[in-house]
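Shown next, in structure tokens, is the structure this report addresses.
In what follows, every chain begins at residue 1, and chains take the letters A, B, ... in the order their sequences are listed.
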Amino acid sequence: MAPILDISKLQKSYGATHVLKDINVQIDEGDFLVLVGPSGCGKSTLLNCIAGLEPITGGSIHIGGRDMTHVSPKDRDIAMVFQSYALYPTMSVAKNITFGMKVRGVDQATQEAKLADVARQLQIEKLLNRRPGQLSGGQRQRVAMGRALVRDPKLFLFDEPLSNLDAKLRVEMRSEIKKLHHSMNASIVYVTHDQIEAMTLATKIVVLKDGVVQQIGSPSEIYNKPANLFVADFMGSPAMNLIPARAEPEGGATRIEIDREGAAPIILHDPHASGLPRDIILGLRPEDIAEAGFRAGEDVQEAQCLVDMVEPAGADTYVMSRLGGTGVTARLHAETIARPGEQMTLAFDLGKVSYFEPGTGTRLN
Amino acid sequence: MTDVTATHAPAQAVRPARSWGKTALRWILYIVLGLFALWYLMPLFVMLTTSIKTLEEIRTGSLIALPRDATLEPWAKAWSGACTGIQCEGLRPFFWNSVILAVPSVLISTVIGALNGYVIAQWRFKGANIIFALMLFGCFIPFQVVLLPMARMLGLMGIAGTIPGLMFVHIIYGLGFTTLFFRNYYVTIPSELVKAAKVDGAGFLRIFVSIFLPLSLPIVVVSVIWQFTQIWNDFLFGVSFSSAGTQPVTVALNNIVNSTTGVKEYNVDMAAAIIAALPTLLVYVVAGKYFIRGLTAGSVKG
């Protein structure tokens, strides 16, 4: 089957400024695609291009197998939820939801049936006669979703829909969006700068930086095998430890040395890696560094480290140390014996390690 | 202020001294404000009282004295009997000229200004800023500068000396202001609203009528008051671009005051002046609170 959304060689520039460079993305029906990146990376512009609200400079966009590159937004069979919700302020909730149908000349009976349907689904039946100004943030969010759902489009577009909500409501609405996605098998493109939102919602993530796609993959691919230093650093909280190190071939394996101040270098042996250059950046997520004895596996190797700082965070305790000239965070269990200023043995899980080329930042393994 | 401190027990001890000073200040403030109000109301008072005095009383009495035996005679004369030059029909025909001139001009310039503002604020196109700057510039062109070119233009269009001709002048001249009002108002409306409506399938006019117009009451009121006051009170265009039967009320008022047959009828002049000013007064009274609201709409939102 043809992909529901097929973006090919998309270019977008404002005058001499190239905002999006050679974007190629496909998603299938039922996919939840999250565009993630720091602010100014072009993710919202890309979404506006998909919606047809911004003309594109080059390339093509197909939705549902049809070429939509030059089709106006209303004919693209899409629905969009905006960051500010963009509810029509002088219309009641019901009118907001049915406005699109009214414009398209859908008959009254169908309008009412669909409105009732969506209102029940989102539990906003009691709000239908209110104005947007009389609603709370969460309720406005629901109405905005209702306006999209009632269209029953081929493709849903969400532009940072949760960023105006408080933390608690954001988590609630996040799981509701996920539920809706499952129950309707909807195809969604979702823009966010929040990497946790990206990880929890997506079936497929596109990481953007300065208008260039850094990596496309499933959440686990993005998280476990980041394509470059930017992705490694951007996705995950706390961020992946990126430690400068030296690699030397050792038979079919690699011997890795990490310098540190006031002590002998840490020596690790990675039997799976080979052909690495001499200078590398070793990437290891905080949860892949554990207290000795709490992590088992053939690739787990231990080393003594000086603990600089201990940050209990309830479920976990974060322990900071200095290796290779940078701060390194390890995520230990809550009842760890770690004390600041003392030596402790940490276990490094080299089964999860990523290696990067320091100059270009690209992944080596 | 005073009642807030009064509710706090510890403040009671110091209250008399402090509140005495405050009360005195308050009173001084009220007295000064009152004096200013009197000062500004004085001309109106003189006009109203003079307009219902007889000529005899005006000649013998004091300017600020109350009328001894009030008469509406001067009002009746001003409305339908006073002479403007050789014609003695009072203000009435010219008052209706002004109504016929002002109402359509106000409506048309407001509607076009709203559309202009909507386009410049929400449908950005290449050169939009330049066009807006030029329209703004139009607000600052002195009336006198355009008199001759406009006369030539009206002549070429064949509407010189007619009410439609005068309407045309006022509409064109008002567009700079109305566009500015609506543009500044619509610029505060988030552009996502337009995007949402576009995705919903609405077009240019549909979005304007269904979403922007219902939001526009305060700024429509501002535009209507501004335009109505400008057009109704205008004298220069009225005197330049009208002919005998098509003069607006301001020109007729001038003619009444200046065509004297022997004795100067101050009471009729005053009555005529009040009649000529009444419509603008009425517009302010009816819509004044929206006027302030509309003017400050952008600044409150922040």
Side-chain angles (χ1 to χ4, degrees), chain A residues 14-15 44-45 47-55 63 68 71-92 95-106 131-133 140 143-148 150-151 153 155-161 164, chain B residues 110-111 114-115 117-130 182-223 290 293-294 296-302:
Chain A
Y14 295 104
S44 282
T45 310
L47 196 72
N48 279 328
C49 289
I50 298 172
L53 295 166
E54 294 270 6
I63 298 171
M68 298 286 191
V71 173
S72 78
K74 66 178 191 322
D75 300 321
R76 291 199 180 198
D77 205 359
I78 51 163
M80 192 159 172
V81 177
F82 294 87
Q83 182 174 2
S84 67
Y85 315 136
L87 300 178
Y88 311 128
T90 55
M91 297 184 200
S92 68
K95 291 238 172 72
N96 260 284
I97 293 174
T98 55
F99 182 69
M101 290 189 284
K102 205 174 130 201
V103 169
R104 283 159 209 272
V106 174
R131 295 273 178 94
R140 282 180 211 187
V143 176
M145 300 233 304
R147 199 167 59 179
V150 81
R151 294 278 309 282
L155 188 62
F156 286 95
L157 306 176
F158 287 83
D159 189 1
E160 308 212 17
N164 284 349
Chain B
T110 299
V111 167
L115 276 168
Y118 168 60
V119 171
I120 291 173
Q122 297 283 349
W123 295 73
R124 312 284 306 166
F125 54 93
K126 235 184 167 134
N129 277 332
I130 296 170
F182 280 97
R183 182 261 176 200
N184 285 356
Y185 189 75
Y186 289 153
V187 136
T188 63
I189 295 176
S191 61
E192 285 194 340
L193 226 49
V194 175
K195 290 185 181 174
K198 275 191 201 166
V199 173
D200 260 345
F204 176 83
L205 271 182
R206 185 64 180 249
I207 297 174
F208 179 64
V209 172
S210 299
I211 294 163
F212 280 76
L213 269 193
L215 281 171
S216 308
L217 181 65
I219 202 68
V220 166
V221 170
V222 168
S223 175
Y290 288 100
R293 224 185 271 170
T296 54
S299 57
V300 186
K301 267 187 173 172

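To the nearest 0.5 Å, atom CD1 of residue B:I211 and atom CG of residue B:L193 are 5.5 Å apart. The distance from the CG atom of A:D159 to the CE atom of A:M80 is 5.0 Å, given to the nearest 0.5 Å.
For B:S210, the parts lying near chain A are the backbone and the side chain together; criterion is any non-hydrogen pair under 4.5 Å. The contact between A:M91 and chain B is made entirely by side chain atoms (from C-beta outward), counting heavy-atom distances below 4.5 Å. At a 4.5 Å heavy-atom cutoff, A:D75 makes no contact with chain B through either its backbone or its side chain. In this structure, chain B has a heavy atom under 4.5 Å from the backbone of A:L87, while its side chain stays farther away.
Of all heavy-atom pairs between A:A148 and A:A79, the closest is O-CB, 3.5 Å.
Counted by atom type alone, A:N96 and A:Y85 present zero donor-acceptor pairs between their side chains at under 3.5 Å.
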